[in-house]
There are 2 protein chains.
Amino acid sequence: MRDDREIGKHRLRLDHFLPYRLSVASNAVSTRISRAYRGTFDLKVTEWRLIAILAEGGAMTAQALVGATRMDKVSISRAAKALQQRGLIEAEPHGADGRSRFLSLSDGGRALYAEIAPQALAMEANLLADFTGEERALLENLLRRIEDAAM
Amino acid sequence: MRDDREIGKHRLRLDHFLPYRLSVASNAVSTRISRAYRGTFDLKVTEWRLIAILAEGGAMTAQALVGATRMDKVSISRAAKALQQRGLIEAEPHGADGRSRFLSLSDGGRALYAEIAPQALAMEANLLADFTGEERALLENLLRRIEDAAM
DNA sequence: TATTGTTATACTCTATAACTATA
DNA sequence: TATAGTTATAGAGTATAACAATA
């Protein structure tokens, strides 16, 4: 620990470099998670995010989904198109604005969500199995502060 | 906070879902960092990792780089090829094994590293500017445990 | 003119398999 | 047979620009 601190002042060690550690951890998690979504439900992560947000929030426009997911409008548009083609989401006209539509889960989409959500929570619980409640809250807090600092 | 805990027991909220938060934080950081590498030094992240490891460790085989970076042998091979074509790394025969070579930084590679490393450390310091030393150590610890749990 | 959303294109990272040359 | 490394190919995520329709 003392060695780390002293070296860290002047030299870079990839193994302790935050962007690297963050990337490795995130990649390990998302590889595991995306395999589960893909294998069991034939969903990409981007599609799963839309389903999760629509399940929480009800009908939303594409623009609202951009704000809710940190995905850009191109990704939203493509994920929504794929889900619509599978009948998992539905579009209703947006009375006040002809450019936009309200997207929401279909019955099939809600049924799929009801299947996935418990599995997603179980995977998360598994990842955090040996974390205390305090550590979980701290991790979320630290990640949000990193995210804010990077934007 | 009470609401979050109570909802969290039964429902999934993307905004508080660890794989999502981790992905968003990692993506925000690596977008910012990779733009700097790319724009200033014309390096991909994978290439930068090789340079950083070779700067720390001296001559290594591709296999040793796989172990040191969590990149697979395909990524190592491609990054090494690109760096060698630019004259940033050199290869020496591995006396005992004709299939393998020892890779190391050239003088040009070391000069490039000497330029990048301080900037990389400055970017990291900027990201962690409002973190205490304790928080930094904790974040690294939590990320490593997540990574271990995901593998 | 500006905004919502779509399409086209390209780049990075990753995963897999097929291949070579050595061991 | 097994291992070190290379090449080919494809999928997923993201970024940018050009575009159509509407505001």
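Naming: A, B, ... by sequence-line order, numbering from 1 per chain.
Considering only side-chain N and O atoms, A:Ser34 lies nowhere under 4.0 angstrom from the phosphate OP1 or OP2 of D:dA12. Between B:Arg38 and the phosphate of C:dT12, there is a side-chain N or O to OP1/OP2 separation shorter than 4.0 Å.
Between B:Thr46 and A:Arg101, the one whose closest nucleotide on DNA chain C sits nearer the 5' end is A:Arg101. Of the residues near DNA chain C, A:Ser23 and A:Gln63, the one whose nearest nucleotide (by heavy atom distance) lies more toward the 5' end is A:Gln63. Comparing B:Lys81 and A:Arg49, the nucleotide of DNA chain D nearest to each residue sits closer to the 5' end for B:Lys81.
Rounded to whole angstrom, the span from the CD1 atom of A:Ile33 across to the C1' atom of D:dG13 amounts to 17 Å. The separation between A:Asn27 atom CG and C:dA15 atom C1' is 11 Å, rounded to whole Å. Nucleotide D:dG13 holds its C1' atom 16 Å from the CG atom of A:Leu43, rounded to whole Å. Rounding to whole angstrom units, CE of residue B:Met71 and C1' of C:dT12 are separated by 12 Å. Atom CD of B:Gln84 and atom C1' of D:dG5 are 12 Å apart (whole Å). In this structure, A:Arg70 places its CZ atom 16 Å from C1' of D:dT14, rounding to the nearest Å. Rounded to whole angstrom, the span from the CD atom of A:Glu47 across to the C1' atom of D:dT14 amounts to 15 Å. Per the geometry, NE2 belonging to A:His94 stands 10 Å off P belonging to D:dA23, to the nearest Å.
Remark: A:Val24 engages A:Tyr20, A:Arg21, B:Arg70, B:Glu147 in a side chain to side chain contact (heavy atoms under 4.5 Å, CB included) (not counting sequence neighbours). Under the side-chain hydrogen bond (donor to acceptor under 3.5 Å, both in side chains) criterion, A:Asp130 pairs with no residue, sequence neighbours left out. Partners of B:Phe41 according to the ring-ring contact (aromatic ring centres under 6.0 Å, His included) rule, which considers only residues two or more places apart in sequence or in another chain, do not exist here. Scanning for ring-ring contact (aromatic ring centres under 6.0 Å, His included) contacts around A:Phe17 gives an empty result, with sequence neighbours left out.
Under the 4.5 Å side-chain criterion, counting only non-hydrogen atoms from C-beta, B:Ile53 is in contact with B:Met60.
Within residues 144-151 of chain B, no residue places a heavy atom under 4.0 Å from DNA chain D.
What you find for A:Leu50 and A:Ala79 is that their closest heavy atoms are CD2-CB, 3.8 Å.
Looking at B:Ser75 and B:Arg49, their side chains never bring a donor and an acceptor atom within 3.5 Å of each other. No donor-acceptor contact under 3.5 angstrom links the side chains of A:Asp97 and A:Ser100, judged on distance only.
The structure places CZ of A:Arg144 at 13.5 Å from CD1 of A:Ile146, a figure rounded to the nearest 0.5 Å.
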Please tabulate, one pair per line, each protein N/O and nucleotide N/O from nucleotides 16-22 of chain C that are separated by under 3.5 Å, including the distance.
none

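Nearest to the side-chain atoms of B:Ser77 among the listed nucleotides D:dA12, C:dC13, D:dT7 stands D:dT7.
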